[in-house]
Structures are given as C-alpha cells and as structure tokens.
2 protein chains.
Amino acid sequence: MHNLSTDTNIPKLLKDVGLRVTPQREAILNFLIHYEGHATVDDIYQAVHPTFPGLSVSTIYNTMKHFGELGLVKEITFGDAASRFDVNVQPHHHLVCKHCGKLIDFYLPQPPNFALPPDASGFEIEDYHLEVKGTCRECRDKGRDEARNEQTQ
Amino acid sequence: MHNLSTDTNIPKLLKDVGLRVTPQREAILNFLIHYEGHATVDDIYQAVHPTFPGLSVSTIYNTMKHFGELGLVKEITFGDAASRFDVNVQPHHHLVCKHCGKLIDFYLPQPPNFALPPDASGFEIEDYHLEVKGTCRECRDKGRDEARNEQTQ
DNA sequence: ACCTAGATGATAATTATTATTAAAAAGGAG
DNA sequence: CTCCTTTTTAATAATAATTATCATCTAGGT
C-alpha cells in the first residue's frame with residue numbers, strides 16, 4: 001500500500017512496484033497525484049490527452065488495473081456511474097450526493113461491529129466500504145436535481 | 001415501504017401503490033417474492049420468460065424502476081456487475097464474495113457512528129449501505145477464482 | 001546495438017442500461 | 001358493455017462503460 005503525494009518520485013515508484021517506466025504511466029500518475037477528488041477514466045483522458053495526444057483509453061484502463069493491483073490507487077465503483085480512482089488508499093468511506101454525484105471522503109474511528117449471519121459462516125472479510133447517500137449542501141440549496149454531471153468530482 | 005412475503009395479495013398490492021395491474025407485473029412480482037436471493041434483470045427474464053414468452057427485458061427494467069420508486073424492492077448496485085433487486089427493503093447490508101459474487105444479507109445492530117468531515121457540512125444523510133468484501137467459504141475451500149458466475153445469487 | 005517481454009493504441013466486441021415509439025391493454029366514464 | 005384516454009408493453013435502436021484483440025512499438029537488460 002503506497003500513499004502518493006505531490007513529491008513522490010514517480011519513476012522510482014514505478015520501478016519499486018515492478019512496473020516499467022513509460023511516459024504514459026508517468027503522465028497518468030502525475031495527473032492523479034495532483035488531482036483533487038476522484039477521477040474517472042474519462043477525467044484522466046480529458047486531462048492528459050491534450051499534452052499527450054497519442055494516449056489511448058485502453059492504456060488508461062490497463063494502467064489503472066495495474067495500479068489497483070499494486071495498491072497505488074483504489075477503485076471506487078458505484079452502481080450506475082463510471083469507476084473512480086482514488087490515490088487515497090487508506091481505508092476510508094464515502095458520502096455520495098444522490099443529485100450531483102459528488103463524493104466526499106470520510107473515516108470511521110473504528111470498524112462497525114456486526115455479527116455475521118449463520119449462512120455466512122466461514123466468510124473471510126478482506127475489506128469493507130460504507131457508502132452514505134444523501135444530498136449535499138449545494139444541491140439542497142439550489143433546486144436539487146438538474147445539477148447532475150456538473151460537479152461530479 | 002412494503003415488505004413482501006409469499007402470501008402477499010399481488011393485484012391488491014399493485015393497486016395500493018397506484019400501479020395498473022398487468023400480467024407482466026404480476027409475474028415479475030410473483031417471481032421476486034418466491035426467489036431466494038438477489039435477482040438481476042436477467043435472472044428475472046430467464047425465469048419468467050418460459051412461462052410468459054412475450055415478456056421483454058425493457059418491461060422488466062421499467063417495472064423494476066417503478067417498484068423501486070414505490071418501495072417494493074431495493075436496488076443493489078455494485079461496481080462492475082448488473083444491478084440486483086431485493087424484496088427485503090429493510091435497511092440492511094451485504095457481504096460480497098470477491099470470487100463468486102455471492103451476496104449475503106446482514107444487519108447492523110445500530111448505525112455506525114462517524115463524524116462528517118468539515119467539507120461535508122450540510123450534507124443530509126438519507127441512506128447508508130455497508131459492503132463487506134471477502135471470500136465465502138465455498139470459494140475458500142475450492143481453488144478460488146474459476147467459480148465466477150456459478151453461484152451468483 | 002540488439003533482443004525480448006511487456007506496453008501501447010486502434011479497433012472491435014461485450015454488457016448493462018436507457019430511449020424511442022407504434023401497437024396493445026387497463027380501467028374509468030357513460 | 002362499449003368507448004376513450006392514458007399507461008404499458010415489446011421490439012428495436014442508441015448509449016456508455018468496459019474488455020478483448022492484436023499488430024506495432026519500446027523499455028530495459030544483455
């Protein structure tokens with residue numbers, strides 16, 4: 001598990017996790033490190049493409065898969081929408097605005113306690129994620145809804 | 001919020017929630033009520049289609065949207081996979097097996113307590129869902145993986 | 001400089017879902 | 001019961017995210 005910050009040495013990091021150092025990977029990582037919020041593949045593409053015209057979305061998908069497996073990013077998948085990637089790989093949870101889709105991180109002081117039901121005996125817990133849905137202040141203030149896809153960070 | 005059981009009067013229920021009583025809706029509801037687990041649109045289609053050849057998937061999507069809005073079912077959406085529908089509309093949570101996709105319900109004795117971060121001030125919580133990922137016993141026993149899409153209930 | 005495993009990019013394929021729309025059916029009014 | 005309006009259905013096309021394919025290219029060791 002790696003925690004990335006703006007002063008991470010990108011080529012070194014890539015070598016450390018056993019990946020070849022390619023300009024594409026450097027560009028993507030660099031973007032993610034500086035990005036506030038939770039980027040989708042398309043966000044990455046839109047941002048990196050101008051300064052790196054060759055870049056293909058396949059490469060981004062590929063790269064994100066690698067990064068995910070190596071613990072550089074965490075994929076957040078919500079029902080309907082596109083996957084988002086988070087350089088915050090600390091265990092954490094999300095508030096999701098039902099109206100604009102905004103994501104806000106939060107942390108639990110301690111894992112929630114619950115008893116496994118009988119039909120789950122032998123289930124080995126590896127990870128948990130709490131998704132809290134509701135309405136963010138902005139959407140509560142303005143007339144709700146019609147905000148979708150505006151502030152989807 | 002309605003809790004469906006095997007002795008629910010389906011036509012009456014449909015009328016009560018303000019929907020027209022159609023054979024398609026009756027068939028879908030009847031299937032859901034008797035189904036153990038969490039059905040996908042395709043599950044419904046596969047099950048109902050043989051005895052109701054005309055049924056179209058559009059109708060199922062449509063119907064599930066209505067049922068969801070009226071609180072007859074709860075849609076569970078996980079990242080990659082197809083949406084599932086649960087006639088258990090009580091607030092509850094899920095264990096998800098990473099290998100075979102099996103879903104197991106569980107309940108929290110009390111809501112997890114957490115403090116909203118400062119950038120979430122004004123966020124109005126409406127709902128929360130805890131998703132616990134791991135490996136179910138069956139997948140732990142057999143050689144893992146290659147089970148995907150077998151016991152996806 | 002050379003070689004080979006691995007990476008890339010273009011494109012096609014897949015999958016879940018939504019939109020469209022003409023035809024059919026539900027349910028109330030007369 | 002028949003007519004009428006509105007909703008629903010079903011078939012199809014459209015969309016959108018993601019994965020698969022594969023020829024070409026390149027990183028990094030020799």
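Residues forming a side chain to side chain donor-acceptor pair (under 3.5 Å) with B:E26 (at least two apart in sequence, or on another chain): none. Checked against side chain to side chain donor-acceptor pair (under 3.5 Å), B:T77 has no partners two or more places apart in sequence or in another chain. For A:F52, there are no ring-ring contact (aromatic ring centres under 6.0 Å, His included) partners, not counting sequence neighbours. Among residues two or more places apart in sequence or in another chain, the side chain to side chain donor-acceptor pair (under 3.5 Å) test is passed with B:H93 by none. In this structure, B:D119 has no salt bridge (charged side-chain N to carboxylate O under 4.0 Å, His left out) partners at least two apart in sequence or on a different chain. Residues passing the salt bridge (charged side-chain N to carboxylate O under 4.0 Å, His left out) test with A:K133 are A:E131, sequence neighbours excluded. Under the side chain to side chain donor-acceptor pair (under 3.5 Å) criterion, A:E69 pairs with no residue at all, not counting sequence neighbours.
Under the 4.5 angstrom side-chain criterion for Ile, Leu, Val, Met, Phe, Trp and Tyr, the cluster partners of B:L116 are A:L95, A:I104, A:F106, A:L108, A:F114, A:L116, A:F123, A:I125, A:Y128, A:L130, A:V132, B:L95, B:I104, B:F106, B:L108, B:F114, B:F123, B:I125, B:Y128, B:L130, B:V132.
Note: CD1 (B:I44) to P (C:dA16) measures 14 Å, nearest angstrom. Summarising the geometry, the separation between CG on A:L70 and C1' on C:dA7 is reported as 15 Å, rounded to the nearest angstrom.
For the salt bridge (Lys or Arg N to Asp or Glu O under 4.0 Å) condition, the pairs that include at least one residue of residues 6-23 of chain B, sequence neighbours left out, are B:K12-B:D16.
Between B:H94 and B:H38, the ring centre distance stays below 6.0 Å.
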Pairs under 3.5 Å (N/O, protein and nucleotides 24-28 of chain C):
from: C:dA26; atom 1: N3; to: B:R20; atom 2: NH1; distance (Å): 3.0
from: C:dG27; atom 1: OP1; to: B:V21; atom 2: N; distance (Å): 2.7

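First and last contacts of DNA chain D with chain B, using any nucleotide atom under 4.0 Å from a protein heavy atom and ordered 5' to 3', fall at D:dT6 to D:dT12.
DNA chain C is contacted by B:S58, B:Y61 of residues 49-68 of chain B, taking any non-hydrogen atom closer than 4.0 Å.
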